[in-house]
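What follows is a set of notes on a single structure, which appears directly below.
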Amino acid sequence: MQKSVKNFYFIVTSLCAASASFAANVLANETDNWGDEWSEAVVSPWKFSGFVEAGYGYLLQDNIVESNASLSEITTRVNLDYSHESFELVSKAELIYDDVLKDTFLQARELNIRFSPSDKTDVKLGRQILTWGTGDYIFLNDLFAKNWQSFFSGRDDQYLKAPSDSAKGTWYIGHYSLDLTWTPEFTPDVYITGERFSFYSPQAQAIVAPADNFRVKETKKAQFSARLATNNNGVEYALYGYKGFWPTPLGITEDNSQPSQAYFPEMNAWGASVRLSLAGGLFNAEYASYNSIEDNNGTNPFIANGQNRFLVAFEREVIKNLTASVQFYVEQTKHYQQFISHSATPATEVDENRQLLTFRLTYRTLQQKLIYSVFNFYSPTDKDGYLKPSITYRYSDQWLFSAGANLFWGEEKYTFFGQHQQNSNAWLRVKAHF
């Protein structure tokens, strides 16, 4: 623990020193530019920006993972974009020192080119963030990659969406738009592996943290997604389709000649959503059908069953600057009787109709510089929950301070949120934009 705290002090000190140096450079540049204030302004096709962010999170309970820190890192982001009359280049590069993993990463958050071969067609090629659907922290037809380690550790919400190397085309046909995405190599979620957070293992029937020993068989095959959307009199409608794999490793190999290994079973999905203004707020509903290609009748206990997923939600501003939203979500397991009868541990399996209620309150004050937010998940069927309170203060255009917590609870250690009780943590972040 002492070592982690020292590292955090080192990170914060480094951030302050870097920011002070940067501020001095900015001041020097502004001074140098005073003599050019009467010259004609030239708009550059290049756009440069970025930030430096330090984050620290601490586990609130004893845990079997190696580090007591859920988050201890410093991130430098550089955004460099180029605009041409025929195309646009977007790049977001990040250098991350992660003290939990004792490693440094250089990664491209985004690196893509966008262009329009006709006035009714848009194309984006390269590393990008893909998202659609209507849920708030609940995903039905959005089967693009997520980063659950970021979500649970206290990183900025933008990191919940993980990037993928994909091609996306959008066609506008009358009042309709058609989006097609192709990811040549399947991009799974950044799931819990035990290196930062522990989780429940049905095989071991215990909380485990295998970290590097958590072996997963990867696939290099492609995944495809589609959305057809339209807006009629202010009502948004959309249909969705997906062909690929479960985004988390919900299968176990059965090759008797080799040790069992987790993998990503094949699946396809289709669904629909609607969103409209209602009773002074915003109402949305969404449905998705997940079809487990490798276990159509639900008799294989080593492959996840198909599911029907339902969501209804409502959001409105209840008083000035205070917004409330509620969601009700049901996850129905297909072929449930076969699923239970073939399970080695039926007593710990999920209910046939797993239910989830969520509630979000967001209050903005001080000219929206100060934001209080609380998001709560509660499952009446699993009897567990997850509370995400946070506070964000924008001191200036450069400085942003945030603090919050990820608090899990549950009656059993094998339920969706109950397995993460020992992963409860509190966090804080300091960000300096440039």
Side-chain angles (χ1 to χ4, degrees), residues 77-84 86-94 96 105-118 120-135 137-151 155-173 176-191 216-229 238-250 263-271 273 286 288 290-291 293:
R77 159 85 69 84
V78 174
N79 304 321
L80 184 61
D81 302 337
Y82 178 79
S83 296
H84 185 270
S86 302
F87 63 89
E88 182 179 6
L89 292 173
V90 175
S91 64
K92 297 179 179 178
E94 292 181 336
I96 303 171
F105 307 92
L106 177 61
Q107 63 184 25
R109 175 75 178 166
E110 289 191 60
L111 182 60
N112 58 69
I113 181 172
R114 309 172 186 183
F115 57 95
S116 300
S118 74
K120 294 184 178 180
T121 305
D122 294 330
V123 175
K124 184 193 290 189
L125 304 174
R127 180 158 297 186
Q128 55 191 289
I129 307 297
L130 295 167
T131 187
W132 57 42
T134 64
Y137 288 161
I138 294 179
F139 304 97
L140 288 82
N141 292 291
D142 182 344
L143 287 158
F144 304 116
K146 320 291 186 306
N147 188 332
W148 297 110
Q149 294 198 31
S150 289
F151 188 63
R155 292 190 185 120
D156 192 301
D157 271 2
Q158 66 170 301
Y159 291 102
L160 172 58
K161 297 297 297 186
S164 60
D165 298 326
S166 303
K168 179 182 179 183
T170 301
W171 290 265
Y172 303 96
I173 309 165
Y176 295 86
S177 65
L178 174 64
D179 295 292
L180 297 177
T181 73
W182 170 53
T183 304
E185 186 173 305
F186 168 66
T187 303
D189 289 355
V190 181
Y191 43 87
V216 175
K217 183 180 179 181
E218 299 180 351
T219 178
K220 304 293 184 183
K221 296 182 179 178
Q223 64 185 109
F224 305 87
S225 298
R227 178 181 65 173
L228 179 64
L239 296 173
Y240 307 89
Y242 172 80
K243 178 176 172 53
F245 304 85
W246 288 88
T248 53
L250 295 180
Y263 80 107
F264 305 94
E266 290 185 58
M267 69 166 287
N268 61 38
W270 66 273
S273 70
E286 188 168 343
Y290 289 10
N291 303 301
I293 302 300

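We use all heavy atoms of the structure for the numbers below, so side chains are in, but hydrogens, waters and symmetry mates are not.
Residues forming a ring-ring contact (aromatic ring centres under 6.0 Å, His included) with Y82 (at least two apart in sequence, or on another chain): W46.
Aromatic pair F245/Y263: centroids not less than 6.0 angstrom apart.
No side-chain donor from either of D142 and Y240 sits under 3.5 Å from a side-chain acceptor of the other.
Proximity of a side-chain donor or acceptor of E286 to a complementary backbone N or O of T134 within less than 3.5 Å is detected. For S273 (side chain) and G133 (main-chain N/O), no donor-acceptor pair under 3.5 Å exists by modelled atom type. In this structure, D179 contributes its side chain and A226 its backbone to no donor-acceptor pair below 3.5 Å.
Between Y191 and D189, the shortest heavy-atom contact is CD2-O, 3.0 Å. Counting all heavy atoms, side chain and backbone alike, S166 lies closest to T183 at OG-OG1, 2.7 Å. Residue P163 comes nearest to A108 through the heavy atom pair CG-O, 4.5 Å, listed as atom of the first residue, atom of the second, then distance. Taking every heavy atom of both residues into account, D81 and V90 meet most closely at OD1-CA, 3.5 Å. Closest of all the heavy-atom pairs between G271 and N141 is CA-OD1, 3.3 Å. Across all non-hydrogen atoms, the minimal contact from R109 to Q158 is NH2-O, 2.6 Å.
Ring orientation note: the planes of F151 and Y137 are nearly perpendicular, at an angle over 60° on the 30°/60° scale.
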| query | Going through the distances and angles, do L130 and S164 end up as a side-chain contact (heavy atoms from CB on, under 4.5 Å)? | reply | CA-CA 8 Å; L130 295 167; S164 60; 3.6 Å; yes

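The cationic atom of K146 (NZ for Lys, CZ for Arg) lies less than 6.0 Å from the six-membered ring centre of F139 and within 45° of the ring axis.
For K161, the NZ atom is densely surrounded, since the number of other residues' heavy atoms within 6.0 Å is greater than 12.
Atom CZ of residue F264 and atom CD of residue Q223 lie 10.5 Å apart, to the nearest 0.5 angstrom.
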